[in-house]
Amino acid sequence: MRRVLRREVAGTTGLLTDEHDFRAMRHYRTFAFTDFAEYLEAFEDLLSSRASQGAHTRVALFDPEEYADFCTGTGLDPDSASSRARYTAELATTGPALPYDGQPLAELIPALVEEAVRQATWEYATTLLARLGACASCGEDIGRTAFTRASGLLARILDTARPGKRHLVCSVSTAPETLVAVLHADTDPDDTCQLDEAEALEFTTVLAAGLATRSPGGLVIRSSVPSTPDRVYGWRLRQGDPEPLTAGEVFDAYCTDTDTGDLVSPESDVDYCVPPDLGPDVTPSAHRH
């Protein structure tokens with residue numbers, strides 16, 4: 001019966017995703033591993049074993065620096081397996097974590113790192129909006145107003161895009177680094193738009209940060225429909241407003257290597273075009289200055 005009950009118990013385990021973090025944990029006497037490749041192999045065996053027993057496991061990104069801070073804040077001994085377990089349990093609700101579905105670590109690790117970047121981006125953008133406070137002229141909450149505007153702008157972009165698979169990317173250049181958010185929006189046969197709520201929240205928050213801070217940025221959408229060329233178009237963010245990109249500007253952006261600046265061959269069956277008219281911004285707000 002204990003074996004039966006084990007199948008009902010969900011678990012979370014923390015994973016060190018690179019050698020730098022692995023070396024940091026080797027300073028602890030109770031951390032038994034000495035070789036990173038051996039550690040990954042043992043970790044994958046553990047996940048496979050739990051999956052074969054019907055157990056559900058979530059894998060969380062284990063950050064040694066945050067772990068040390070956690071131990072300092074809670075008064076725990078960092079050189080203890082039980083402390084690592086306590087920190088991992090905390091990650092189950094607060095940190096980036098993904099379910100293990102049998103995928104190899106070579107796939108799970110990049111996805112976990114990407115999830116961590118997504119969460120950090122959303123947290124930074126949320127904090128940025130909260131710190132803007134109220135407008136000295138009209139008294140409106142700048143961050144809340146920008147989020148409402150961003151929500152309306154996203155709705156207008158999706159409403160004017162053709163049905164099908166839509167892939168949106170928003171980037172905002174803020175100090176100290178550029179914020180990037182991605183959103184997938186697919187259309188059902190009955191024209192209902194399907195969104196991942198977490199993605200939509202992150203995307204809207206990053207877009208709102210660009211609108212509120214009047215930071216330079218851009219928003220691009222790619223729509224795909226079977227048997228027709230993909231359509232790519234977008235807007236630049238300038239002084240807190242979206243400005244349509246020309247077809248040539250979209251073509252240049254997609255056909256230039258972002259690292260080297262060299263030209264790359266355009267994709268086949270892709271139309272680089274001007275965006276549709278989004279109509280007026282009807283978001284009610286006195287904060288228009």
Side-chain angles (χ1 to χ4, degrees), residues 1-74 76-123 165 167 180-184 186 194-203:
M1 294 306 297
R2 282 197 296 269
R3 285 195 211 97
V4 173
L5 283 174
R6 284 195 190 100
R7 299 171 191 164
E8 307 291 329
V9 178
T12 301
T13 182
L15 173 62
L16 299 164
T17 58
D18 60 51
E19 290 201 59
H20 174 77
D21 289 346
F22 180 81
R23 287 195 298 270
M25 293 303 295
R26 286 195 59 198
H27 294 305
Y28 299 118
R29 178 184 54 81
T30 57
F31 185 76
F33 289 95
T34 59
D35 181 78
F36 185 56
E38 181 183 275
Y39 164 79
L40 293 179
E41 183 178 350
F43 199 98
E44 193 154 23
D45 287 344
L46 169 66
L47 293 177
S48 299
S49 175
R50 284 182 53 82
S52 67
Q53 298 168 9
H56 174 77
T57 308
R58 286 181 66 82
V59 181
L61 183 68
F62 196 104
D63 186 300
E65 291 186 9
E66 292 185 2
Y67 169 65
D69 292 340
F70 171 81
C71 290
T72 299
T74 55
L76 295 174
D77 176 13
D79 197 356
S80 165
S82 63
S83 297
R84 292 193 290 274
R86 285 273 300 275
Y87 173 67
T88 300
E90 186 81 7
L91 290 177
T93 56
T94 63
L98 295 174
Y100 175 70
D101 297 320
Q103 67 272 47
L105 284 188
E107 295 179 8
L108 180 61
I109 288 177
L112 188 58
V113 172
E114 181 180 343
E115 180 67 20
V117 172
R118 282 181 51 192
Q119 180 170 317
T121 298
W122 176 74
E123 290 176 351
K165 294 183 178 295
H167 178 82
V180 179
V182 177
L183 176 63
H184 299 86
D186 297 342
Q194 296 294 332
L195 294 173
D196 180 278
E197 292 185 6
E199 274 193 358
L201 176 60
E202 293 158 8
F203 190 93

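Computed from a prediction, not measured in an experiment: that's the story for all the values here.
- Between F22 and F31, the ring centre distance stays below 6.0 Å.
- Residues D186 and L195 are not in side-chain contact: their nearest non-hydrogen atoms beyond the backbone lie 4.5 Å or more apart.
- Interatomic distance, CZ of F62 versus CE of M25, reported as 4.0 Å (0.5 Å rounding).
- Under the side chain to side chain donor-acceptor pair (under 3.5 Å) criterion, E44 pairs with no residue, sequence neighbours left out.
- Put simply, the side chain of D35 gets close to the backbone of E38: a donor and an acceptor are under 3.5 Å apart.
- Closest of all the heavy-atom pairs between R50 and T57 is NE-OG1, 2.6 Å.
- Side-chain contact between C71 and S83: present, with at least one pair of heavy atoms (C-beta onward) separated by less than 4.5 Å.
- Using the six-membered ring where Trp is involved, F43 and Y39 have ring planes that are tilted, between 30° and 60° apart.
- Scanning all heavy atoms of the two residues, the minimum distance from D21 to D18 falls at N-OD1, 2.8 Å.
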From CA spacing to verdict: side-chain contact (heavy atoms from CB on, under 4.5 Å), Y87, T74
CA-CA 10 Å; Y87 173 67; T74 55; over 6 Å; no

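- A distance of 13.0 Å separates CG in D196 from CZ in F203, rounded to the nearest 0.5 Å.
- Once rounded to the nearest 0.5 Å, the distance linking CG of L183 with CD of E199 reads 5.5 Å.
- Between the side chains of Q119 and E115, no donor-acceptor pair of N or O atoms lies under 3.5 Å.
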Pair R118, E202 - check side-chain contact (heavy atoms from CB on, under 4.5 Å), show working.
CA-CA 8 Å; R118 282 181 51 192; E202 293 158 8; 2.9 Å; yes

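- No donor-acceptor pair closer than 3.5 Å links the side chain of S48 to the backbone N or O of D45.
- Considering CG of L15 and CG of L40, their distance stands at 6.5 Å, rounded to 0.5 Å.
- Atom CG in D79 sits 5.5 Å away from atom CZ in R29 (nearest 0.5 Å).
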Check step by step if side chain to side chain donor-acceptor pair (under 3.5 Å) holds for R84 and T30.
CA-CA 10 Å; R84 292 193 290 274; T30 57; 3.0 Å; yes

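- Considering all non-hydrogen atoms of both residues, D77 and Y67 come closest at O-OH, 4.1 Å.
- With 3.5 Å as the limit, one finds no donor-acceptor pair spanning the side chains of T12 and R58.
- Scanning both residues, F70 and L76, for their nearest heavy atoms gives CE2-CD1, 3.7 Å.
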Kindly list each side-chain donor-acceptor pair under 3.5 angstrom involving residues 89-112, sequence neighbours excluded, with atom names and distances?
residue : atom : partner : partner atom : Å
T93     : OG1  : E90     : O            : 3.2
T94     : OG1  : E90     : O            : 2.9
Q103    : OE1  : D101    : N            : 2.6

